[in-house]
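Encoded as structure tokens, the structure appears first; notes follow it.
Just so you know, ligand 1 is whichever comes first in the structure, and atom 1 is the first atom listed for that ligand.
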Amino acid sequence: MNLVKNKTLILGGNSYIGTHLFEHFNSDYAIRTYHSKPVENGIYFNTLSMNLSKILKDINNISHAVILLGDTNPESCAEDIEKSNRLNIESIKSIIDDLNEYGVKPIFTSSDIVFDGKKGNYDEEDPVSPILTYGKQKVEIERYMQKMCDDFIITRISKVFGSQIGDKTLFTNWLDDISGNKEIYCAHDHRSNPIYIKDVVNSIAGLINSDCSGIFHLSGKKAYSRLELFEMLLDHTKKYLPVKVNVIKCSIHDIPLREKRPLNISMKSDKLTDTIGIKLHDTNDICKNIVKEYIKVKSK
Ligand SMILES: NC(=O)c1ccc[n+]([C@@H]2O[C@H](COP(=O)([O-])OP(=O)(O)OC[C@H]3O[C@@H](n4cnc5c(N)ncnc54)[C@H](OP(=O)(O)O)[C@@H]3O)[C@@H](O)[C@H]2O)c1
């Protein structure tokens, strides 16, 4: 039987990005795995104790696999390096080996943290130079993939934000902190270009549908410091109500973190937009809509 390979396997299908990616594809075109938090029609997969081949041998219409699982918190990666290496390096290498064996094209979700932040505005040709444990783990997998796979996609993703109240991403989190009168630390010297979750999903889907290969930066159109992003949110909020905020303007180096953070990890997304023709959302427009929706819901 000549079976058409038209499904995408989402490894870490209940992750923040995975949940949205699965919604985009729906169950006709995607299969998803979960680990500790079950999801409807999800396949249980613990990458630390299972081989992916166990799953792959039973499903043979998969063309691509998006690797989203792992320890995604730079702080916990640095807290126990051996433990996070097991999950973020060893287990992912084994997943890549299994995908190779079954002829499934891997898509690895890397990060802007692969750069040291000295230059900013990085493109795909710039050499990587990670300074955080989490970034070094990402680079090790990027290199492994380039060495071991004939065909692959590496997406380096900037900080992802959503627009759903309570989703605990950049703007919605700040709005919750403002209404809870919490202290908010905002770095004036940490720059990146956050990307809207819908743009991440459409980019990954676009790269799959156009059968692209190689490294792509998935980042918002414009770079901002954390402080600029917070001020953007504040300006929109003040249009609706007077706001009293407990903001502490600081350097990223003043925030007590386990490892020294890179400063300017902004990236260019021209290769992505030129290749798949995606029009990325404007962060300011999305921020404005988030505030409008937040005020509407909270005033009910
Ligand atoms: N979110 C961002 O801003 C951002 C930015 C740049 C790059 N990325 C990259 O994009 C990917 C997804 O990020 P995310 O924020 O969406 O992830 P996330 O919400 O933190 O989810 C992490 C995923 O890892 C799974 N997982 C943890 N331990 C596992 C194990 N032992 N076996 C199998 N699965 C396990 C979790 O499953 P359970 O919950 O079921 O345990 C969950 O699905 C990651 O590679 C991340 O580095 C994310």
Side-chain angles (χ1 to χ4, degrees), residues 9-24 30-52 54-55 65-77 80 83-96 98 106-115 122 130 132-142 145 153-164 167-173 190 192-201 203-204 215-220 226 229 262 265-267 269 283:
L9 176 63
I10 305 177
L11 295 163
N14 61 343
S15 61
Y16 179 64
I17 297 174
T19 305
H20 289 267
L21 196 60
F22 185 76
E23 258 172 42
H24 174 94
I31 297 169
R32 59 177 162 174
T33 70
Y34 68 91
H35 163 237
S36 60
K37 297 179 207 99
V39 277
E40 203 186 339
N41 295 326
I43 300 171
Y44 173 74
F45 176 56
N46 180 351
T47 187
L48 292 173
S49 61
M50 295 164 70
N51 280 330
L52 186 64
K54 267 189 156 219
I55 292 172
V66 189
I67 307 167
L68 295 157
L69 56 80
D71 183 345
T72 60
N73 179 348
E75 284 299 281
S76 73
C77 291
D80 189 338
K83 185 174 168 213
S84 62
N85 277 349
R86 271 199 299 280
L87 183 55
N88 286 354
I89 299 180
E90 286 156 40
S91 91
I92 308 260
K93 282 184 178 174
S94 157
I95 287 175
I96 291 167
D98 287 343
I107 300 170
F108 179 56
T109 46
S110 185
S111 157
D112 50 10
I113 286 288
V114 298
F115 296 111
Y122 294 99
L132 298 186
T133 300
Y134 176 64
K136 288 176 189 163
Q137 292 169 340
K138 291 290 187 195
V139 166
E140 180 140 359
I141 296 301
E142 285 195 8
M145 226 162 163
I153 299 174
I154 292 169
T155 57
R156 294 195 187 125
I157 310 176
S158 308
K159 186 165 183 67
V160 182
F161 68 93
S163 53
Q164 274 170 327
D167 69 7
K168 299 210 176 303
T169 58
L170 188 70
F171 295 117
T172 54
N173 218 6
H190 179 66
S192 69
N193 4 18
I195 181 163
Y196 186 37
I197 182 65
K198 288 192 179 158
D199 288 335
V200 174
V201 165
S203 299
I204 295 175
I215 302 178
F216 293 88
H217 287 179
L218 273 56
S219 54
R226 277 302 148 84
L229 288 163
I265 47 172
S266 57
M267 302 189 295
S269 53
T283 303

### Task
First locate atom CD1 of I195, then atom CE of M267, and finally report the distance between them rounded to the nearest 0.5 Å.
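Those atoms lie 8.0 Å apart.
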### Message
As an exercise, state the distance from CG of N88 to CD1 of I67, rounded to the nearest 0.5 Å.
### Response
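Answer for the CG-CD1 pair, N88 versus I67, is 11.5 Å.
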Which option wins on minimum heavy-atom distance to [atom]: [options]?
| atom | options | answer |
| --- | --- | --- |
| atom 31 (N) of ligand 1 | N46, I17, I10 | N46 |
| atom 41 (O) of ligand 1 | P194, S36, G42 | S36 |
| atom 42 (C) of ligand 1 | L11, N14, T47, L218 | N14 |
| atom 27 (C) of ligand 1 | S49, P74, G70, G13 | G70 |
| atom 2 (C) of ligand 1 | V160, I92, I95 | V160 |
| atom 47 (O) of ligand 1 | Y44, F45, F161, Y134 | Y134 |

Just to confirm my output: which protein heavy-atom neighbour is closest to [atom], and how far is it?
| atom | answer |
| --- | --- |
| atom 6 (C) of ligand 1 | I157 O, 3.1 Å |
| atom 39 (O) of ligand 1 | K37 NZ, 3.1 Å |
| atom 21 (O) of ligand 1 | S15 CB, 3.1 Å |
| atom 13 (O) of ligand 1 | T72 CG2, 3.9 Å |
| atom 34 (N) of ligand 1 | H35 CB, 3.4 Å |
| atom 19 (O) of ligand 1 | Y16 N, 2.9 Å |
| atom 25 (C) of ligand 1 | L69 CB, 3.8 Å |

#### Entry: Side-chain (H35) to main-chain (G12) donor-acceptor, under 3.5 angstrom
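Such a contact is absent between H35 side chain and G12 backbone.
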### Query
Looking only at atom types and distance, does a side-chain atom of S158 sit under 3.5 Å from a main-chain N or O of N193, one as donor and one as acceptor?
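It does hold such a pair.
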### Message
Determine whether S163 and Y196 satisfy the following criterion, side chain to side chain donor-acceptor pair (under 3.5 Å), listing intermediate values before the conclusion.
### Response
CA-CA 8 Å; S163 53; Y196 186 37; 2.9 Å; yes
### Query
For T172 and Q164, does a side-chain donor sit closer than 3.5 Å to a side-chain acceptor?
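No, no side-chain donor-acceptor pair sits under 3.5 Å.
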### Query
Any side-chain donor paired with an acceptor under 3.5 Å for N85 and Q137?
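Side-chain D/A pair, N85 to Q137: present.
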### Task
For P38 and ligand 1, answer yes if some heavy atom of the residue is under 4.0 Å from a ligand atom, otherwise no.
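It does not; every heavy atom stays at 4.0 Å or beyond.
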### Query
Is K198 atom NZ crowded by more than 12 heavy atoms from other residues, nucleotides or ligands, each under 6.0 Å away?
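Result for NZ/K198: open.
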Against heavy atoms of [X], which atoms of ligand 1 measure under 4.0 Å?
| X | answer |
| --- | --- |
| K138 | 44 (C), 45 (O), 46 (C), 47 (O) |
| G12 | 43 (O) |
| S158 | 5 (C), 6 (C) |
| L68 | 11 (C), 12 (C), 44 (C), 45 (O) |

### Query
What heavy-atom pair brings I92 and L69 nearest, and what distance separates the two atoms?
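Nearest pair, atom of I92 first, then L69: CD1-O, 3.6 Å.
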#### Entry: Within reach of ligand 1, part of T109 (heavy-atom separation under 4.0 Å)
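It is both parts that get close, each with some atom under 4.0 Å.
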### Task
Give the C-alpha distance, both sets of side-chain angles, the deciding distance and a yes or no for side chain to side chain donor-acceptor pair (under 3.5 Å) between S76 and D71.
CA-CA 8 Å; S76 73; D71 183 345; 2.6 Å; yes
### Query
So do the side chains of S110 and T155 get within less than 4.5 Å of each other, counting heavy atoms only?
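Sidechains of T155 and S110: no contact.
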### Query
Are F115 and H217 close enough that their ring centers fall under 6.0 Å?
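Ring-ring flag for F115/H217: true, centres closer than 6.0 Å.
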### Message
Taking the six-membered ring for Trp, are F45 and Y34 closer than 6.0 Å centroid to centroid?
### Response
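No; Y34 has its ring centre 6.0 Å or more from that of F45.
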### Message
Using a plain distance cutoff, I'd like to know if S110 has any nitrogen or oxygen under 3.5 Å from a nitrogen or oxygen of ligand 1.
### Response
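In this structure, S110 places no N or O atom under 3.5 Å from an N or O of ligand 1.
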### Query
Hey, does Y34 come in under 3.5 Å of ligand 1, counting only N/O atoms on both sides?
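No: no nitrogen or oxygen of Y34 is under 3.5 Å from one in ligand 1.
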